Amino acid sequence: LQAGQRFEIVSPAPNWSIHHNLVSDCLHPAILDSFGGDTCSFSENEITRGSAAHVKAALEIHGMFRVDRNHICGFDEPGSAALSLFPDPLGRACRSLYWNNVFERCSIGIAESRKGLWRSSRSIGNLFPPGTPSTHQ
């Protein structure tokens with residue numbers, strides 16, 4: 001290593017789960033900001049904006065996670081996203097799994113900090129009811 005280089009130790013299978021929570025009225029409702037992995041899940045949570053104002057994203061993803069069967073609703077302020085995707089801490093696109101989530105009444109379904117992050121992920125059965133465009137920004 002040389003001075004200034006980054007060194008990270010990453011567990012190959014951290015194996016944690018965040019599930020069955022109700023998150024509402026928060027400026028930053030949920031931020032998954034770690035490397036994650038195939039065994040890390042965010043499942044069956046309900047996230048609503050409630051009375052919070054100027055919320056940029058319901059769920060920020062900064063690593064690889066299994067995000068499944070969540071209901072994200074009411075992030076309908078201009079520019080507010082249901083999911084906001086970022087590369088992992090080393091700048092790599094992640095192959096997260098987005099499975100059977102419902103994104104309802106959100107201004108933006110999927111926002112990307114860098115083009116191609118949604119395309120590099122695995123997406124199955126997500127619902128974008130009328131009022132939430134699934135287009136990426």
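Note that the coordinates shown come from a computational prediction; the quantities given were computed from them, not determined experimentally.
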*asked:* I'd like to know if the side chain of D88 and the backbone of L90 have a donor-acceptor N/O pair within less than 3.5 Å.
replied: yes
*Using a 4.5 Å cut-off on heavy atoms from C-beta on, say whether the side chain of S113 contacts that of S84.*
no
*Are the side chains of L83 and N101 in touch, meaning some heavy atoms are under 4.5 Å apart?*
no
Please report the shortest heavy-atom distance between [X] and [Y], naming the atom on each side.
| X | Y | result |
| --- | --- | --- |
| N70 | V67 | ND2-CG1, 3.4 Å |
| R114 | P87 | NH1-CG, 3.6 Å |
| S17 | S41 | OG-OG, 3.0 Å |

Just how far is it from atom [atom1] of [X] to atom [atom2] of [Y], taken to the nearest 0.5 Å?
| X | Y | atom1 | atom2 | result |
| --- | --- | --- | --- | --- |
| R105 | C73 | CZ | SG | 3.5 Å |
| D68 | N45 | CG | CG | 9.0 Å |
| M64 | R95 | CE | CZ | 8.5 Å |
| E104 | F128 | CD | CZ | 12.5 Å |
| R66 | S96 | CZ | OG | 11.5 Å |
| L32 | C94 | CG | SG | 11.0 Å |

_Same cluster or not: L97 versus L85, using hydrophobic residues (I, L, V, M, F, W, Y) connected whenever any side-chain heavy atoms lie under 4.5 Å apart?_
no
_Hydrophobic clustering (ILVMFWY, side-chain heavy atoms < 4.5 Å, transitive) - are I31 and F65 grouped together?_
no
*If you group Ile, Leu, Val, Met, Phe, Trp and Tyr whenever their side-chain heavy atoms sit less than 4.5 Å apart, what else falls in with V102?*
L127
Report, one line per pair, each donor and acceptor closer than 3.5 Å where one atom sits in a side chain of residues 47-59; sequence neighbours left out.
unit_1 : atom_1 : unit_2 : atom_2 : d
T48    : OG1    : S24    : OG     : 2.9
R49    : NE     : G74    : O      : 3.0
R49    : NH1    : A52    : O      : 2.8
R49    : NH2    : D76    : OD1    : 3.0
S51    : OG     : D25    : OD1    : 3.0

*Is there any ring-ring contact (aromatic ring centres under 6.0 Å, His included) pair reaching into residues 75-99, and which pairs are they, with sequence neighbours excluded?*
H62-F86, Y98-W118
